[in-house]
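Encoded as structure tokens, the structure appears first; notes follow it.
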Amino acid sequence: MSEKYNHRVIEPKWQSYWKDNNSFNSKIDPKKKKYYILEMFPYPSGRIHMGHVRNYTLGDVIARYKRAQGYNVMHPMGWDAFGLPAENAAIENNISPKKWTYQNIETMKDQLKKMGLSIDWSREVATCDELYYKQQQKLFLRFFRNELIYKKESLVNWDPAEGTVLANEQVIEGRGWRSGAEVEQKKLSQWFFKITKFAENLLESLETMNKWPDKVRTMQKNWIGKSVGCEIDFEIISKNKSFDKSKIRIFTTRPDTIFGATFCALSPYHPVAEALMETDDKISDDIKEMRSQKVNEETIAKNEKIGIKTDLYIKHPFLENKLLPVYIANFILMDYGSGAIYGCPAHDQRDLDFANKYDLEVIQVIKQSDGTLFDNKNALVGNGNLINSKFLNGMSIDEAKNEVIKKLEDHKQGNKKINYRLRDWGISRQRYWGCPIPIMYREDGAVIEVPEDQLPLKLPEEIDFNIPGNPLDNHPTWKYTKCPETGMSAIRETDTLDTFVDSAWYFLRFCSPTNNLEPFNSNEIKYWMPVDQYVGGVEHAILHLLYSRFFTKALDIKEVDEPFESLFTQGMVCHTTFKNTSGEWVYPEDVNSIKDKLIQISTGENVQKGLIESMSKSKKNIVDPESIINTYGADPARWFMLSDSPPEKDINWSESGINGAWKICQKIWMIVEKNKNYINSDTYYEDADWSENAFQLNRCIHQNLDEITRSIEKFQMNVAIAKVYEMVNAISKFKPLDKNDELALGNSIKILIRAIEPMIPHLAEECWSLTNNHNSLSVVPWPKVVEKFLETSSVTVVIQINGKRRGELIVDKNTQEKEVMKKIKDIKNINDALSGKNIIKSIYIPNKILNIVLK
RNA sequence: GCGGAUAUGGUGGAAUUGGUAGACACGCUGGUUUUAGGUACCAGUGAGGCAACUCAUGGGGGUUCGAGUCCCUCUAUCCGCACCA
């Protein structure tokens, strides 16, 4: 009786083997083709979750498969280790962010290792490591000198009770999550990366990035949001003589509607609005009230349009006596265009709603070519020709746009303008646990770089989170310093860098992770970059990926322009949620099903099944990967993650799923154990005198091998898994009757073992050790599909009548239509259907289908 | 609101890209092995019908000899919308 497969012994055995033999370490080898596979590095939150298991299993399949294909594979791993949760933990558990982070890294590294990933751990980096952020500070200074970084005023969520800036997620219904105080929008002077300088470049390259999902490319395209329009300067008419602003510059994508303009709307943050606040208390209060609202595109689009009437008017550029009233409006974004628009109610729904609300004039200037008439409720946004527009009358929209721009440019009142929705990337964070910005402000007002030989500018370790505000700002010995050149006193920049900066270049760092002289080495990146395959969650579709693209371009390194050749975004791992009668979330393992009822084990309360949602701590619908790995093993966990659902879709965790994965692993082991005498041979005769059974087995194995190979290439791991099942089923059914049968069986099993290694490597290695080949599978090449086994002499042709399947016929390959026609007379129901009818025509696809059209 | 995606048995999902719809797995039903069991193996399993057949890929329409696949339209669900990472 053969032994059961014991993952508790086998998995650690191979993990140490791989480690001891440096099986997955990588170095430059000019003779070999490289393959750089990268999964998005994790935030060290404490423990790995199922999302990590899925992400890294997926990448590992590719890594192991490509290695078997003969590539020189680099598969590194690191830690996105700066960030807010470490500070929260510091406050809640009184532990330093550094200690907390490094502890988490240790725990999670152990957990990842238990998954059996083929990672080159010698390349590990952590962004909170001085070695790493020293180089990042150098990059900052490089960007600073290249004028890709500048400072400007920008709004933040300000919690007045705590004296801190809040992240959006920390603002709950307009209040600070911890203090409950009403959050204000406060202006702070902050650092920005000039990503907009690269807007066109980032947009253009998208066109050629055809190994990225269309979805992500579309999202980025919309994010960059290129629009062509014009800027127009309007003269301000004010009764208040002391009002010192004379012009408002508006941006519009519809200059053709200039004669339909009936009002002007400004953002509450517009300089003119600021100036008005100083002239009038009432207006000042109203604007402040408007500013307290959250302004993102979603709320702006959904909320009611509100305007504050001002005393100001602007002069129409082409109509001598036409004055447009100026409003401050809550639907105008300061960051987009110029923060000011003119409203043309007849041809823009938002403007129409606004005009109707404030009883403003509406002038139709485009006659719709589909004949739609204006009803004062629905703006006319279709195509048409200009009316009521003086010199534009009769023109098409495009002609009118060009004509208006030309006139404005002639009169120096405006100009054509390409505008991007993309805004510059604000990188200042008023937080402790991030990369310090190597800048100081001297007492005479000069902005001074920290000299490179003094880098890294380290984070101070003795800090106090009990004082409200940013710990760096509260840290006197760190904050106050001297200018290195003049010796004048200076204050350090106390903001730290957005953690998206850390992750915007880590893929370059992996190429030379321990280099203390430079961020990356040009020989190394020349060989390894770009990343051939990047795998991660779709939630990073825009920011992280766009920032990484920007960084790579902005660094202006000739070796690489775009960082990620191919991108794959995997789906989330979901689980049913449970709530007890008190309305509290309940852990799945705390739920027992008794008859038809769900009972909470710990309290005995009834439990309601909720929606299936992505696993999250707050909803308690989590399953701990480590306990799964301990109970079932890493291989079944990996198998489950790959089977059933396509990787880009969300999956539902299920107990029966993991159990099924465990069963197939056991089954494969039993098959190999039982037949170990047959796999102990190197012989492979393609031309042996196979029995019919053996030939069919060979055929099935190679057909499925072909499909497994193609499926992995296409990331269809679920399909690859299905084909492995077919191999297993065919092998377990096969009963060898002679030597050749045994040979066929042995070879089939060896192909099976080789093919499952990317998915379930421990089991595969253990099985392989039973063959006469004592190499680890990590150096064994992928098997070749033997075409001979795929060829057949006969094929099945489907017979259709009027497009409906009526039967099938087995014929020799490449049989002519005439022959098939003759033979179908023998099939009774087809013959019946044909009798008494006229054949109008027939369509014959050789070896596939014959369709007969009858009348 | 804007933008994007998805829809196939009881369930997760296949479908060589316009050519046998439902591969593979889960679940379920029946059986076998003295199996304590949640084990293993065999058979069955889209719906209706004894059957030949008929109906079936969210709804409706279209193109085609032929549509899950292409076009139009409707419906439902999910995702993103700038300080979570």
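Chain letters run A, B, ... following the sequence lines, proteins first and then strands; every chain starts at 1. What you see is a predicted model; the values in this text were computed from it and never measured.
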Tell me whether the OP1 or OP2 atom of B/rC65 has a side-chain N or O from A/Lys841 closer than 4.0 Å.
-> yes

Which nucleotide in B/rC65, B/rG80, B/rU20 has an atom nearest any side-chain atom of A/Thr796 = B/rU20

Looking at the side chain of A/Asn718, which of B/rC81, B/rC83, B/rA14 is the nearest nucleotide?
-> B/rA14

Whole angstrom is fine here: how far is it from NE2 in A/His49 over to P in B/rC84?
-> 16 Å

Taking the same atom, P, in B/rC70 and in B/rG31, what whole-Å distance lies between them?
-> 46 Å

Looking at the side chain of A/Val798, which of B/rU20, B/rC83, B/rA82 is the nearest nucleotide?
-> B/rU20

Using distance alone, with no hydrogens and no angle criterion, decide if A/Asp498 and A/Trp425 have a side-chain donor and acceptor under 3.5 Å apart.
-> yes

Encode nucleotides 68-77 of chain B as B, S and - characters from 5' to 3', where the letter depends on protein heavy atoms closer than 4.0 Å: B to the base, S only to sugar-phosphate, - to neither.
-> ----------

Its glycosidic angle compared against 90° from 0, B/rG31 adopts the form anti

Quick one: label A/Gln190 by what it contacts on the DNA or RNA (base, sugar-phosphate, nothing), any heavy atom closer than 4.0 Å.
-> base

Classify the nucleic acid contact of A/Gln800 as base, sugar-phosphate or nothing, counting any heavy atom under 4.0 Å across all strands shown.
-> base

Using the benzene-type ring in the case of Trp, are the ring centres of A/Tyr547 and A/Phe193 under 6.0 Å apart?
-> no

Polar contact flag, side-chain donor to acceptor under 3.5 angstrom, A/Asp502-A/Gln136 = yes

Using a heavy-atom cut-off of under 4.0 Å over every strand shown, decide if A/Lys667 touches base, sugar-phosphate, or nothing.
-> sugar-phosphate

Base, sugar-phosphate, or nothing: which does A/His540 touch, judged by heavy atoms less than 4.0 Å apart?
-> base

A/Leu84, nearest nucleotide to its side chain (from B/rA25, B/rA15, B/rA85) | B/rA85

With distance as the sole criterion, is a donor-acceptor pair present between the side chains of A/Tyr43 and A/Ser503 under 3.5 Å?
-> no

Would you indicate what A/Asn851 reaches in the nucleic acid, counting non-hydrogen atoms under 4.0 angstrom: base, sugar-phosphate, or nothing?
-> base

Got a donor-acceptor pair under 3.5 Å from the side chain of A/Glu707 to the base of B/rC24?
-> no

Could you check how far NZ of A/Lys649 sits from P of B/rU8, rounded to whole Å?
-> 8 Å

So does A/Lys663 get a side-chain nitrogen or oxygen closer than 4.0 Å to the phosphate oxygens (OP1/OP2) of B/rG38?
-> no

Describe the nucleic acid contact of A/Leu422 in one word from base, sugar-phosphate, nothing, applying a heavy-atom distance below 4.0 Å.
-> base

With under 30° as parallel and over 60° as perpendicular, where do the rings of A/Phe550 and A/Phe198 fit, or are they tilted in between?
-> perpendicular

How should the glycosidic conformation of B/rU39 be described, syn or anti, under the criterion that syn lies within 90° of 0?
-> anti

Candidate nucleotides B/rG12, B/rU20, B/rA82, ranked by approach to the side chain of A/Ser645 - the nearest = B/rG12

Take A/Val538 and A/Thr499, find for each the nucleotide of RNA chain B with the closest heavy atom, and name the residue whose nucleotide sits nearer the 5' end.
-> A/Val538

Taking the six-membered ring for Trp, is the centroid-to-centroid distance between A/Trp223 and A/Tyr420 below 6.0 Å?
-> no

To the nearest angstrom, how far is A/Arg421 atom CZ from B/rG4 atom P?
-> 13 Å

How is A/Asp214 classified with respect to the nucleic acid when contacts are heavy atoms under 4.0 Å: base, sugar-phosphate, or nothing?
-> nothing

Within the structure shown, what part of the strands sits under 4.0 Å from A/Gln349 by heavy-atom distance: base, sugar-phosphate, or nothing?
-> nothing

Among the candidates B/rA23, B/rC65, B/rG80, find the nucleotide nearest to the side-chain atoms of A/Glu726.
-> B/rA23

Would you tell me if any nitrogen or oxygen in the side chain of A/Gln716 comes within less than 4.0 Å of OP1 or OP2 on B/rA15?
-> yes

Quick one: label A/Arg217 by what it contacts on the DNA or RNA (base, sugar-phosphate, nothing), any heavy atom closer than 4.0 Å.
-> nothing

Within a radius of less than 6.0 Å around NZ of A/Lys194, do more than 12 heavy atoms belonging to other residues, nucleotides or ligands occur?
-> yes

Residue pair A/Arg710 / A/Gln716, side-chain donor-acceptor N/O under 3.5 Å = no

Taking only side-chain nitrogens and oxygens of A/Asn652, does any of them come within less than 4.0 Å of OP1 or OP2 of B/rC26?
-> no

So what does A/Trp425 hit on the nucleic acid, given a heavy-atom distance under 4.0 Å: a base, only sugar-phosphate, or nothing?
-> nothing

Once you round it to whole Å, what is the distance between P of B/rG13 and CE of A/Met641?
-> 14 Å

With distance as the sole criterion, do the side chain of A/Asn222 and the base of B/rG3 form a donor-acceptor contact below 3.5 Å?
-> no

Looking for any heavy atom pair under 4.0 Å, which part of the strands does A/Pro42 touch: base, sugar-phosphate only, or nothing?
-> nothing

Assess the side chains of A/Asp353 and A/Gln349: does a donor N or O sit below 3.5 Å from an acceptor N or O?
-> yes

Would you kindly say whether A/Thr196 and A/Asp424 are connected by a side-chain donor-acceptor distance under 3.5 Å?
-> yes

Closest of B/rA85, B/rC65, B/rA21 to the A/Phe500 side chain is B/rA85

Listed nucleotide nearest any side-chain atom of A/Val156, set B/rA15, B/rU39, B/rC83 | B/rC83

Which part of the nucleic acid does A/Arg431 contact within heavy-atom distance under 4.0 Å: base, sugar-phosphate only, or nothing?
-> base

Just compare B/rG19, B/rA21, B/rC24 and give me whichever is closest to any side-chain atom of A/Lys848.
-> B/rG19

A/Gln430 versus A/Asn470, side-chain donor and acceptor atoms under 3.5 Å = no

May I ask you to evaluate whether A/Thr218 reaches the phosphate of B/rG4, defined as a side-chain N or O under 4.0 Å from OP1 or OP2?
-> no

Kindly confirm or rule out a cation-pi arrangement of A/Lys152 over A/Phe192, judged by NZ or CZ under 6.0 Å from the six-membered ring centre and within 45° of its axis?
-> yes

Residue A/Ile542, side-chain atoms from C-beta onward, closest of B/rA23, B/rC65, B/rG80 = B/rG80

5'-most contact on RNA chain B (nearest-nucleotide basis), A/Lys723 vs A/Val719, goes to A/Val719

Strictly by modelled atom types, are A/Trp212 and A/Gln220 linked by a side-chain donor-acceptor pair under 3.5 Å?
-> no

Output field dot_bracket for RNA chain B (Watson-Crick or G-U, both distances under 3.5 Å, | for other-strand pairs) contains (((((((..(((......[....)))((((((.......))))))(((....)))..(((((..]....))))))))))))....

